[in-house]
Every structure is written in structure tokens, then in C-alpha cells.
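The block underneath contains the structure these notes are about, expressed in C-alpha cells.
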Amino acid sequence: MTATSAPATRSRSHARTATRALLTCVATATPLWAAVALSQAALREGFDITRHPLSALSNGSLGWLQITDFLVVGALLAVGATGLRRALPGAPGGTWAPRLVRVAGVGMMAAGVFVMDPADGFPAGTPYGPPTTLTWHSYAHFAAGSVTFLALIAACFVLGRRFGRAGDRRYALLSRVGGTALLLGNGWAMGGGTAGTLTLAVGVITAMASISLVANRLRSAC
């Protein structure tokens, strides 16, 4: 190794290390989100995942747990999107997939800042049924959620196209399943379908999981 090549080698090594760290942010986002949200869904009094969206967990004395979940996981996605961009230079989807993941991360953070109104018996003591009026921060939460869902769906399909064109059927299918699960789950919930909050939760976690698995694969290849 020549004297001039050593700094370049160290620079490439540092760049790979930084990229792997950024991809780790995306890879760990889904396990963290699911662990915090689902454990609360199972343990908090009055919460029923077939009637209440996971976002409702931001209410009550323990609401700070879910708010923190939104903020931390959103930050992991927003920051980690840079790792996706570095790992997919010049590849199909290498521009838009990272952008969409970053938008989803920012949307999640906004959903944590703007808390939806208590409703339908949760937190315990809240009257059953929808609130008679919605506050502005509840509308802001729904807007942030819509942006997040659309960005996740689009990111999954962009990645599915990228892997499909690369001949990687496994990850193409994984990405498309994630996008389809959220598209259908959100559509069912918005249409007032039975247990729509459950289908939405399944869709969100499936879409996020597909993106986290893609990030983990790219991390292993760095």
C-alpha cells in the first residue's frame, strides 16, 4: 500500500462504517416500534386493538411512552434514510426510496408531537364512541399519519421495483407485500371495516418490517 492510497483506504473504511450505522437505524426502527406499541396495547387498561388505533396510546398518564416511540422511531427512519441513499447509488429506486423513508420518518415524528384526542373508552374513563368535536392537534395527527402511510407504501413499491429489476425475487416480493399490506389495511380501516384499527396496525408493522429487512440486507453487503 502506497502512502497516497492509505488515506483513501481509511476514508472508504470510515464511509462504510458510517453507512452501516445509518442502515442500522432503519433496521432497528421496526423492532423498537413494535415492541413499545404492542406491549402497551396488551397491558394498558381499556385499550382494545380491534377498536383503538395504536396512536391512541399517546393519551393518558403513560402516553409519553408512545409519544417517545413516535419521536425516536421517526428520527431513526429520517436519519437512516441517508444510509439507504448511500447503499443504493445509481440503482433504480436509489433516489426515491430514501426520500420516501425520510418523509415517513418526519411524518412519524409529527404524529408524536400532535396527539389525537381520547375516544371510545380509552384512556380508561373516556366516554365511549367518537369525540363530539376534534381538536386541531387531532387533525394534525391524522394528516401526519396519512403522509406517513403514503410514504411507507410508496417506498415499499419503489423498493419492490428496484429488486424486481435486479432479479432479486425474494426482496421484491417482501417489499411489495409490505406496501400491499399497508395499502389494504389502511383502506379497510378508512372504510370503516370490522377491526380496522387492527388491520391498520398489521399493515403499518408489515410495511415497516419490509423496509427494515431491506436495510439489514444492505447493511450486510456494505
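All residue numbers refer to positions in the sequence shown, counting from 1.
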Step by step, work out the side-chain contact (heavy atoms from CB on, under 4.5 Å) result for L174 and R170.
CA-CA 6 Å; L174 172 70; R170 180 182 177 186; 5.8 Å; no

Heavy atoms, side chains only, cut-off 4.5 Å: are [X] and [Y] in contact?
X	Y	value
L76	V26	no
V106	M109	yes
V72	L32	yes
L173	V177	yes
L88	L159	yes

Considering all heavy atoms of both residues, which atom of [X] and which atom of [Y] are nearest to each other, and what is their separation?
X	Y	answer
G203	L182	O-CB, 3.6 Å
M208	L152	CG-CD1, 4.0 Å
A27	A215	N-CB, 4.0 Å
G83	T19	O-CG2, 3.9 Å
D117	P131	CB-CG, 4.4 Å
L77	V101	O-CG1, 3.7 Å

Please assess D168 against R217 for the test side-chain contact (heavy atoms from CB on, under 4.5 Å), listing each intermediate value before the final yes or no.
CA-CA 12 Å; D168 190 333; R217 180 188 181 233; 2.9 Å; yes

Kindly compute the distance separating [atom1] ([X]) from [atom2] ([Y]), expressed to the nearest 0.5 Å.
X	Y	atom1	atom2	value
T24	N216	OG1	CG	7.5 Å
I211	S175	CD1	OG	8.0 Å
L71	Q66	CG	CD	10.0 Å
L84	L23	CG	CG	5.5 Å
R102	R85	CZ	CZ	7.0 Å
S39	R44	OG	CZ	10.0 Å

If two hydrophobic side chains count as joined below 4.5 Å and joins carry through other members, does [X] share a cluster with [Y]?
X	Y	value
V113	V115	yes
F157	V204	yes
I205	V73	yes
L38	M108	yes
L183	V158	no

For the side chain of [X] and the backbone of [Y], is there at least one donor-acceptor N/O pair under 3.5 Å apart?
X	Y	value
S138	L134	no
H52	D120	yes
T30	S212	no
N59	M116	yes
T197	R51	yes
S210	A207	yes
R20	R219	yes
R176	G160	yes
T199	W188	no
H141	F114	yes

Ring geometry between [Y] and [X] (parallel below 30°, tilted from 30 to 60°, perpendicular above 60°):
X	Y	value
F163	Y171	tilted
W33	F70	tilted
F47	F122	perpendicular

Checking side chain to side chain contact (heavy atoms under 4.5 Å, CB included) between I49 and each of L200, L54, V202, which is the one that passes?
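With I49 as partner, L200, L54, V202 yield a single side chain to side chain contact (heavy atoms under 4.5 Å, CB included), made by L54.
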
Check this for me: R161, atom CZ, are more than 12 non-hydrogen atoms of other residues, nucleotides or ligands nearer than 6.0 Å?
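Not buried by this count: 12 neighbours or fewer within 6.0 Å.
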
